[in-house]
Amino acid sequence: MSNTSGLNHLGLAVADLDQTTRFFESVLGWQETARDESYPRNSITDGKLRLTLWQVDHSFPPKAFDRRHNIGLHHLALEVDTEAELLRLADEVAAWPGVVIEFMPEFMGAGPRKHMMFAEPGGIRLELVWMGV
């Protein structure tokens, strides 16, 4: 039996706190629930998952995460309820300034599940997944 009971939150370091927050709010419909300008950092949620976003210190050159060479977060996968929602969000994500699309919605394996991969403007690698049911 596990000694833990689920994810409380996931903390992510981002290049630009306001830019990443705007992306999550405007494109994905998340809500900011707390902010601390002394770090700076904030908390955002979709109602089920909570992220804390931490502004990197720009007095040092930031280093982008390389999923093939660094230990840490490979990507964050977020589930959507319908294929139509995945396709709608894919178009909105692709049109957002600074987003880098890795691939647009495609089948996972033989399907019917579909997913897409992209980096939001702050560089966090995200996946949107429709489970095909």
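When hydrophobic side chains of Ile, Leu, Val, Met, Phe, Trp and Tyr are connected at separations under 4.5 Å, Val56 ends up as a singleton with no cluster partners. Met117 belongs to a hydrophobic cluster with Phe103, counting contacts under 4.5 Å between side-chain heavy atoms of Ile, Leu, Val, Met, Phe, Trp and Tyr, direct or through other members.
Asp57 pairs by the side-chain contact (heavy atoms from CB on, under 4.5 Å) definition with Ser59, Phe60, not counting sequence neighbours. Applying the salt bridge (charged side-chain N to carboxylate O under 4.0 Å, His left out) rule to Arg67 yields the partners Glu102; only residues at least two apart in sequence or on another chain are considered. The side chain to side chain donor-acceptor pair (under 3.5 Å) test applied to Ser5 returns no partner, not counting sequence neighbours. Residues satisfying the side-chain contact (heavy atoms from CB on, under 4.5 Å) criterion with Asn42, sequence neighbours excluded, are Leu17, Thr21, Glu32, Arg35, Ile44, Leu53. Applying the side chain to side chain donor-acceptor pair (under 3.5 Å) rule to Glu83 yields the partners Lys114; only residues at least two apart in sequence or on another chain are considered. By the ring-ring contact (aromatic ring centres under 6.0 Å, His included) test, Trp30 pairs with Phe24, sequence neighbours left out. Ser43 meets the side chain to side chain donor-acceptor pair (under 3.5 Å) test with no other residue; sequence neighbours excluded.
Pairing each heavy atom of Pro121 with each of Gln19, the nearest pair is CB-CD, 3.4 Å. Between Ala77 and Val129, the shortest heavy-atom contact is CB-CG2, 4.3 Å. Across every non-hydrogen atom of Val80 and Glu85, the tightest pair is CB-CG, 4.1 Å. The shortest heavy-atom contact between Leu126 and Phe23 is CD1-CE2, 4.1 Å.
Within 6.0 Å of CG on Asp81 lie no more than 12 heavy atoms contributed by other residues, nucleotides or ligands.
Proximity of a side-chain donor or acceptor of Thr4 to a complementary backbone N or O of Gly6 within less than 3.5 Å is not detected. For the pair Glu37 (side chain) and Pro40 (backbone), a donor-acceptor distance under 3.5 Å is absent.
Between Leu51 and Leu76 the shortest side-chain heavy-atom distance falls below 4.5 Å. Counting heavy atoms from C-beta outward, Leu28 and Leu78 have side chains that approach closer than 4.5 Å. Residues Ile124 and Val14 meet the side-chain proximity criterion, which asks for heavy atoms closer than 4.5 Å.
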Considering only distance and modelled atom types, tabulate donor-acceptor pairs under 3.5 Å from the side chains of residues 104-113, sequence neighbours left out.
none

Can you give the donor-acceptor pairs under 3.5 Å from side chains of residues 90-101 to other protein atoms, not counting sequence neighbours?
from  : atom 1 : to    : atom 2 : distance (Å)
Glu92 : OE1    : Arg88 : NH1    : 2.8

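Residues Leu89 and Leu49 share a single hydrophobic cluster, defined by chaining ILVMFWY side chains whose heavy atoms lie under 4.5 Å apart.
Here the OG1 atom belonging to Thr82 is positioned 14.0 Å from the CE atom belonging to Met131, to the nearest 0.5 angstrom. If you take CE on Met116 and CG on Leu86, they are separated by 7.5 Å, rounding to the nearest 0.5 Å. The distance from atom CD of Glu79 to atom CD of Glu127, rounded to the nearest 0.5 Å, is 10.5 Å.
Sequence neighbours left out, not one pair with a member in residues 64-93 passes ring pair (Phe, Tyr, Trp, His ring centres under 6.0 Å).
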